[in-house]
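Each chain gets a letter, A, B and so on, in the order its sequence line appears, and its residues count up from 1.
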2 protein chains.
Amino acid sequence: MKRADKRDYLIDVAMQMFNRGGFRGTGIDEIMAETGIAKTTLYRHFASKDELIIAALAKSDEATRDELRTFVERASNDPTERLLATFDQLDIWIRDGEFKGCPFVAAASEFCDVNHPIFQQVRMHKRLYLAYFEELVRAAGISDPKRFAAQILMLHEGAVAFAHVLGSDGTSFAKARGAESVASIARSAATHLIAAAMKTSSGEAEIVN
Amino acid sequence: MKRADKRDYLIDVAMQMFNRGGFRGTGIDEIMAETGIAKTTLYRHFASKDELIIAALAKSDEATRDELRTFVERASNDPTERLLATFDQLDIWIRDGEFKGCPFVAAASEFCDVNHPIFQQVRMHKRLYLAYFEELVRAAGISDPKRFAAQILMLHEGAVAFAHVLGSDGTSFAKARGAESVASIARSAATHLIAAAMKTSSGEAEIVN
DNA sequence: TTGAATATGTACTCGTCGGTATCGTTTTAC
DNA sequence: GTAAAACGATACCGACGAGTACATATTCAA
């Protein structure tokens with residue numbers, strides 16, 4: 001394995017383990033054991049555990065945003081449908097057996113000092129996510145796209161937290177109510193929000209609460 | 001200070017510190033230093049740190065649900081207004097300088113094994129929260145209250161995560177857009193959802209996505 | 001007042017975890 | 001083919017954190 005590949009492999013495995021066991025909860029030694037890469041080598045690639053975490057989050061940020069983007073572009077050409085498609089992708093993520101909530105939110109909880117570089121990394125990720133939503137909202141011709149994008153993001157984050165704690169599959173909620181997934185419930189909420197937003201932006205400016 | 005009071009004081013201070021510095025991030029020694037209570041005494045009250053955490057979460061669960069309940073009951077008699085009032089209380093919480101995201105969600109991230117008693121405690125808390133929302137939704141005469149309550153809870157959780165990472169005050173979002181708070185944006189979304197739900201439940205059963 | 005329960009303080013154990021040092025081996029680049 | 005860089009293994013360090021032991025002081029009930 002080439003040097004660069006080794007670095008990438010390290011990042012990938014580490015991210016997976018952080019997801020499963022938390023950031024503070026996953027030790028360097030465990031990452032060593034799992035990857036089969038020596039500690040010395042690890043520390044030649046990353047100056048510290050924190051830097052490994054940051055690198056892992058950075059790569060994950062890129063990857064998830066890319067995936068979302070391509071998923072949305074393939075889903076439809078209609079801007080409104082595209083906005084809704086983000087919930088379909090969310091659904092896939094949540095249903096996937098590895099789902100353990102949003103690792104970025106988890107990182108923000110574990111490294112809760114706002115000035116900590118890891119927290120900053122998380123903030124950057126969410127800003128970019130929000131910016132992408134804003135782009136989609138703008139394309140759909142909805143007024144006050146910043147605000148509406150925030151609402152959509154909230155629905156996403158909420159669905160993730162909900163599914164994480166209450167269980168996406170079976171445990172407590174989903175099973176009780178047919179087979180409707182958490183993400184699809186969020187999607188349905190988004191549908192109503194979009195309908196309402198379309199109505200107000202097509203007519204006169206209207207104040208709703 | 002009486003024994004029981006000491007226990008309570010311990011729990012309160014610990015919870016505050018967990019909020020600020022995370023659960024794993026806050027050491028027993030720091031709690032000692034902050035409370036002025038000796039380690040021996042602490043361990044006479046709680047068998048382990050985990051039990052202290054569980055006790056702290058349990059008390060916080062009671063307290064927050066009680067606060068919400070009384071806030072809502074004082075806010076209005078109209079069931080719909082009551083549902084919306086939950087967002088006003090959310091607003092107060094988020095704006096409060098101590099806000100660091102939801103400690104329950106943080107706990108679920110840090111103790112991410114689903115069978116861990118701390119995770120279970122978190123799950124229980126969210127179930128109770130959800131049940132209360134369901135109660136409010138039912139009172140408002142909205143159909144499929146379980147589902148709708150889930151949507152409201154998602155909006156809440158989403159607003160909390162959003163404000164935690166992106167900053168409720170100033171940092172990146174709120175300041176840019178006038179003085180509108182994250183919670184009030186979520187509230188506005190809830191308004192639209194309620195309006196849509198009222199419309200469909202007053203007429204014929206209607207399938208919306 | 002006296003005895004039992006409870007508190008304090010300090011010092012200690014013991015495991016873990018992040019990070020380093022050393023040294024011999026393998027790979028890569030030219 | 002050879003030098004330089006990268007890798008692996010193992011042992012190690014220092015810090016910290018959870019939890020205990022123990023000897024002393026304080027409260028409180030009978």
Side-chain angles (χ1 to χ4, degrees), chain A residues 1-57 103 106-107 109-113 116-119 121, chain B residues 1-57 103 106-107 109-113 116-119 121:
Chain A
M1 203 185 305
K2 296 260 178 175
R3 181 181 158 85
D5 295 340
K6 194 157 280 187
R7 189 188 146 94
D8 256 38
Y9 178 61
L10 215 31
I11 288 178
D12 289 343
V13 174
M15 191 64 209
Q16 234 174 281
M17 296 179 72
F18 289 146
N19 241 309
R20 244 195 289 276
F23 294 89
R24 287 213 160 94
T26 304
I28 293 289
D29 297 7
E30 296 172 62
I31 297 175
M32 269 181 60
E34 186 76 21
T35 56
I37 290 172
K39 214 182 227 185
T40 324
T41 312
L42 194 156
Y43 276 99
R44 190 165 296 112
H45 283 282
F46 307 97
S48 65
K49 188 185 177 184
D50 280 11
E51 282 204 12
L52 170 59
I53 293 175
I54 291 176
L57 288 176
S109 294
E110 291 199 49
F111 305 92
C112 47
D113 177 11
H116 195 296
I118 293 179
F119 192 100
Q121 182 80 24
Chain B
M1 206 185 300
K2 294 261 177 176
R3 181 181 159 85
D5 296 338
K6 194 158 283 188
R7 188 188 146 95
D8 257 36
Y9 178 60
L10 215 34
I11 288 178
D12 290 341
V13 174
M15 190 65 209
Q16 232 173 283
M17 296 180 73
F18 289 145
N19 242 311
R20 245 194 289 275
F23 293 89
R24 287 210 159 94
T26 304
I28 293 289
D29 296 6
E30 297 172 62
I31 297 176
M32 270 180 59
E34 185 75 22
T35 57
I37 290 173
K39 214 183 230 185
T40 324
T41 313
L42 194 156
Y43 277 99
R44 202 186 310 282
H45 283 283
F46 307 97
S48 65
K49 188 185 177 184
D50 278 12
E51 282 204 13
L52 170 59
I53 293 175
I54 290 176
L57 288 176
S109 293
E110 291 198 49
F111 305 90
C112 48
D113 177 10
H116 195 294
I118 293 179
F119 192 100
Q121 183 79 24

To the nearest 0.5 Å, atom CG of B/Leu42 lies from atom NZ of B/Lys6 at 11.0 Å

Residue set satisfying salt bridge (charged side-chain N to carboxylate O under 4.0 Å, His left out) with B/Lys39, at least two apart, ordered chain then number -> B/Asp29

Sorted by number, residues from residues 43-52 of chain A placing a heavy atom under 4.0 Å from DNA chain C are A/Tyr43, A/Ser48, A/Lys49

Taking every heavy atom of B/Ser48 against every heavy atom of B/Tyr43, the minimum-distance pair comes out as CA-CE2, 4.0 Å

Between CG of B/Leu10 and C1' of C/dT8 the distance, given in whole Å, is 14 Å

Distance col, row B/Asp113:CG vs B/Ile118:CD1, nearest 0.5 angstrom, shows 11.0 Å

- May I ask you to verify if any side-chain N or O of A/Lys6 is less than 4.0 angstrom from the OP1 or OP2 atom of D/dA5? no

Expected list for residues 11-20 of chain A: side-chain donor-acceptor pairs under 3.5 angstrom, two or more places apart:
unit_1	atom_1	unit_2	atom_2	d
A/Asp12	OD1	A/Lys59	NZ	2.7
A/Asp12	OD2	A/Lys59	NZ	3.1
A/Arg20	NH1	A/Glu98	OE1	2.9

The reported gap from NE2 in A/His45 to CG in A/Asp8 (rounded to nearest 0.5 angstrom) is 10.0 Å

Distance under 6.0 Å and angle within 45° of the ring axis: does A/Arg24 meet both against B/Phe23? no

Heavy-atom closest pair (A/Thr26 atom, A/Lys49 atom, distance to 0.1 Å) is O-NZ, 2.8 Å

Between A/Ala55 and A/Phe46, the two heavy atoms sitting closest are CB-CE2, 3.7 Å

Numerically ordered, the residues 14-31 of chain B set in heavy-atom contact under 4.0 Å with DNA chain C is none

From CE of A/Met32 across to C1' of C/dT16 the rounded distance in Å is 14 Å

Students should find that the end-to-end axis angle of the helix from C/dT1-D/dA30 to C/dC30-D/dG1, with five pairs defining each axis and rounding to 10 degrees, is 30°

Sorted by number, residues from residues 35-42 of chain A placing a heavy atom under 4.0 Å from DNA chain C are A/Lys39, A/Thr40

